[in-house]
Amino acid sequence: MNNIAQFLVVFDSIKYKHSIVDFNINIAMRIFFGALGTETNTFAPLPTGLASFHERDYFPAGSHPDKPTFLSAPLHILRETCSAQGWQLIEGMIASAQPSGITTRLAYESLRDELLNDLRQALPVDMVILGMHGAMVAEGYDDCEGDMLARVREIVGPQVTVGAELDLHAHLSPLMVEKADVLVLYKEYPHTDTLPRARELVKLCIDKHQGHSAPVAALIDCEMIVPIHTTREPGLSIVKKIQSLEGQDGILSISLAHGFATGDVPEMGTKVLVYSDGDLSKAQKLARRLADELIAMREQLSIPFRTIDQALDEALASEGRPVVLADRPDNPGSGAAGDATFVLSRVLERGVENVALGPMWDPMAVRIAFDAGAGAQLMLRIGGKTSPYSGDPVDLFCTVVSLKENMTMTGLSGGQTQLGNCALVRAQGIEIVLTSNRNQAMNIDLFTQLGCDLLSKKIVVVKSAQHFYASFSKIAKAVLYMGGRGAATPDWDTFTYQKIKLPRWPLK
């Protein structure tokens with residue numbers, strides 16, 4: 001080998017090494033980012049319209065703030081990377097809505113078209129990275145993300161690298177996998193890893209664009225629906241295992257889509273997605289093996305849900321405090337209204353005291369509490385306003401303990417979630433956080449900034465499925481999960497499915 005040939009080999013080696021470690025190849029690139037998504041509960045009574053997006057997150061092109069919002073994690077990694085490398089980042093529209101019922105056709109098509117128009121105006125681009133949920137359903141669109149990715153691919157052509165970050169509760173469709181070069185899903189539930197996964201996505205896309213890897217995908221349907229709590233075994237070990245396999249023997253990325261059971265669409269279910277570096281057979285074999293391992297442990301992965309009375313009995317028998325009870329059926333993070341009174345009513349019927357409960361979505365009760373003022377005592381009709389899934393309203397003689405305008409709650413990524421005007425009211429030994437914006441409990445500051453002392457409570461009832469755990473587990477003596485009636489009930493056999501592929505364990 002002559003000296004010139006040796007130099008080229010060494011140069012290529014150095015170039016490859018730097019691209020893997022820190023993308024340190026100063027080749028000018030144009031990268032587009034945009035985001036659109038929500039998690040759709042097709043059984044929920046509240047439609048998701050344009051107002052739902054504007055109330056939560058709607059940022060026209062180039063106007064997103066510095067702090068992360070629901071789908072913007074890749075943007076913050078891209079800002080950091082592009083600034084360091086001197087690349088051009090074009091920021092398109094970013095919009096997300098609180099999980100709810102089916103998205104209206106008007107809302108989806110208008111927001112989708114706005115994002116696609118931003119992309120067209122940004123052309124030419126070398127790379128498109130999107131923030132999406134993966135379980136968005138609109139009128140006429142069972143697979144919004146697949147539709148979006150197909151349209152993006154049509155606009156940019158086959159040579160542009162297209163990637164997306166998705167929630168692990170995605171309906172991971174073959175169309176989504178086909179139209180994207182790389183999809184990376186969160187691994188943790190609660191979703192405490194949105195930024196690390198976004199960093200992985202950006203790295204994989206840059207490697208692909210620069211020719212240092214050739215991602216090929218294998219997608220396996222486990223023919224079941226099993227949400228996995230990664231805060232306990234065996235979920236903890238599953239995440240550690242798949243992370244140990246990534247970066248080894250040509251395996252680039254592994255994602256587990258838990259699925260979203262209250263989305264009645266053909267692609268609903270738990271799936272395994274594996275990317276290998278140019279070796280489809282290797283990806284298929286690993287995906288199949290991991291899927292079979294998940295199927296074998298599905299009973300262990302199932303979450304033990306108590307009835308309301310069982311949970312109250314266990315909490316009252318506990319020697320420590322507080323015991324946190326998760327009102328999973330009324331979780332706004334799964335599309336429920338957040339105004340169900342089934343737990344509150346049972347607590348009152350049993351005369352249980354020293355309880356905190358929230359958030360209860362009730363803009364009307366909040367307005368009345370604000371009109372009355374802090375310290376006022378008055379009758380309030382609380383909750384039970386949206387649908388039969390909400391139960392009956394509860395009439396209580398309440399003391400208005402505290403009020404806060406435009407209150408925010410700390411989210412899993414550290415950003416702030418808008419709760420609107422909020423009131424803490426007390427009645428019969430129960431303190432209730434009332435909110436004017438609908439959201440699930442994600443942080444203890446939902447209660448503490450209104451002056452509710454959670455450590456003094458025997459029981460804390462949170463309207464959430466699992467995202468509360470990251471914060472509330474730090475103060476909880478125990479955490480119990482409740483089933484029962486509600487738009488987000490884990491008793492899935494109470495729903496009438498029309499579109500999903502059956503059997504889909506445990507559904508028959």
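The analysis underlying the following values was restricted to heavy atoms, covering all of them including side chains, and did not include hydrogens, waters or symmetry mates.
- The backbone N or O of G484 sits nowhere less than 3.5 Å from a side-chain atom of R328 that would complete a donor-acceptor pair.
- Here I228 contributes atom CD1 and L168 contributes atom CG; the two are 8.5 Å apart, rounded to the nearest 0.5 Å.
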**OP:** Verify side-chain contact (heavy atoms from CB on, under 4.5 Å) between T194 and L412, making sure each step is shown before the conclusion.
**Re:** CA-CA 9 Å; T194 58; L412 294 174; over 6 Å; no
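- Atoms CZ and CE, on R151 and M148 in that order, are 9.0 Å from each other to the nearest 0.5 Å.
- Side chain of D330 to backbone of G486: no donor-acceptor contact under 3.5 angstrom is found.
- Residues P215 and D181 fail the side-chain proximity criterion, which asks for heavy atoms closer than 4.5 Å.
- The shortest non-hydrogen separation linking D142 to V265 is O-CG1, 3.7 Å.
- The heavy-atom pair separating A261 from I225 by the smallest distance is CB-CG1, 3.7 Å.
- Because its NZ or CZ atom is both nearer than 6.0 Å to the ring centre of F70 and within 45° of the ring axis, R56 counts as a cation-pi partner of that residue.
- The distance from atom OH of Y108 to atom CD1 of I102, rounded to the nearest 0.5 Å, is 14.5 Å.
- At distances below 3.5 Å, at least one donor-acceptor pair connects side-chain atoms of K187 with backbone N or O atoms of I254.
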**OP:** Would you please test E293 and K241 for salt bridge (charged side-chain N to carboxylate O under 4.0 Å, His left out) and show each step?
**Re:** CA-CA 12 Å; E293 291 175 5; K241 177 174 182 175; 2.7 Å; yes
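- Looking only at distances, a side-chain donor or acceptor of H133 sits under 3.5 Å from a matching main-chain atom of A135.
- Of all heavy-atom pairs between G146 and D143, the closest is N-OD1, 2.8 Å.
- For L280 against A217, the heavy-atom pair with the smallest separation is CD1-O, 3.4 Å.
- With no hydrogens or angles considered, a side-chain donor-acceptor pair links S464 and Q440 at under 3.5 Å.
- Note: F260 and H171 have tilted aromatic rings, judged against thresholds of 30 and 60 degrees for the angle between ring planes.
- Checking S213 against D207 by side-chain atom types alone, no donor-acceptor pair falls below 3.5 Å.
- Checking side-chain atoms of T40 against main-chain N and O of M136 turns up no donor-acceptor pair under 3.5 Å.
- For R30 (side chain) and P124 (main-chain N/O), a donor-acceptor pair under 3.5 Å exists by modelled atom type.
- Electrostatic pairing of D327 and K463 counts as a salt bridge here, judged by a charged N lying under 4.0 Å from a carboxylate O.
- A salt bridge between R79 and E91 is present, with a side-chain N of the basic residue lying under 4.0 Å from a carboxylate O of the acidic one.
- Atom-to-atom distance recorded for I77:CD1 and R199:CZ is 4.0 Å, nearest 0.5 angstrom.
- Between the side chain of R298 and the main chain of S302, no donor-acceptor pair closer than 3.5 Å is present.
- Between the NE2 atom in H64 and the OG1 atom in T69 there is a gap of 2.5 Å [rounded to 0.5 Å].
- Shown here are the side-chain hydrogen bond (donor to acceptor under 3.5 Å, both in side chains) partners of S237, two or more places apart in sequence or in another chain: E233.
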Subject >> Derivation of the side-chain hydrogen bond (donor to acceptor under 3.5 Å, both in side chains) call for Y58 and E114 >> reply: CA-CA 12 Å; Y58 171 71; E114 180 179 348; 2.8 Å; yes
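- Side-chain contact between T410 and M442 is absent, with no heavy-atom pair separated by less than 4.5 Å.
- In this structure, OG1 in T161 is found 8.5 Å from CE in M29, a value given to the nearest 0.5 Å.
- With 3.5 Å as the limit, one finds no donor-acceptor pair spanning the side chains of E139 and T104.
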Original post:
Would L185 and E165 satisfy side-chain contact (heavy atoms from CB on, under 4.5 Å), going step by step from the backbone distance to the final call?
Top reply: CA-CA 6 Å; L185 280 64; E165 184 179 38; over 6 Å; no
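- Only one option out of Y481, F305, Y469, F468 pairs with H229 in a ring-ring contact (aromatic ring centres under 6.0 Å, His included); it is Y481.
- Of the possible polar contacts, one joining the R504 side chain to the K501 backbone as a donor-acceptor pair under 3.5 Å is found.
- Although no hydrogens or angles enter the test, the distance criterion places no donor-acceptor pair under 3.5 Å between the side chain of H191 and the main chain of D167.
- When each of L245, I220, L273, I238 is checked for a side chain to side chain contact (heavy atoms under 4.5 Å, CB included) with L290, only L245 meets the rule.
- Taking the six-membered ring where tryptophan is involved, the planes of Y497 and F43 are perpendicular, since the angle between them exceeds 60° and thus also 30°.
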**OP:** Before giving the answer on side-chain hydrogen bond (donor to acceptor under 3.5 Å, both in side chains), spell out for T417 and N439 the whole-Å C-alpha distance, their side-chain angles and the decisive distance to 0.1 Å.
**Re:** CA-CA 8 Å; T417 298; N439 214 310; 4.5 Å; no
**OP:** Step by step, work out the side-chain contact (heavy atoms from CB on, under 4.5 Å) result for F32 and L123.
**Re:** CA-CA 9 Å; F32 176 86; L123 295 177; over 6 Å; no
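- In this pair, H169 and Y189 present their aromatic rings perpendicular. The plane angle is above 60°, beyond the 30 to 60° band.
- Between P65 and F59 the shortest heavy-atom distance is CD-CE2, 3.4 Å.
- No side-chain donor-acceptor contact under 3.5 Å links D193 to the backbone of Y186.
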**OP:** Evaluate the criterion side-chain contact (heavy atoms from CB on, under 4.5 Å) for residue pair F495 and D264; output intermediate values, then yes/no.
**Re:** CA-CA 9 Å; F495 294 123; D264 183 18; over 6 Å; no
Subject >> Criterion side-chain hydrogen bond (donor to acceptor under 3.5 Å, both in side chains) on T231 and Q466, from CA distance to verdict >> reply: CA-CA 9 Å; T231 52; Q466 176 67 350; 3.0 Å; yes
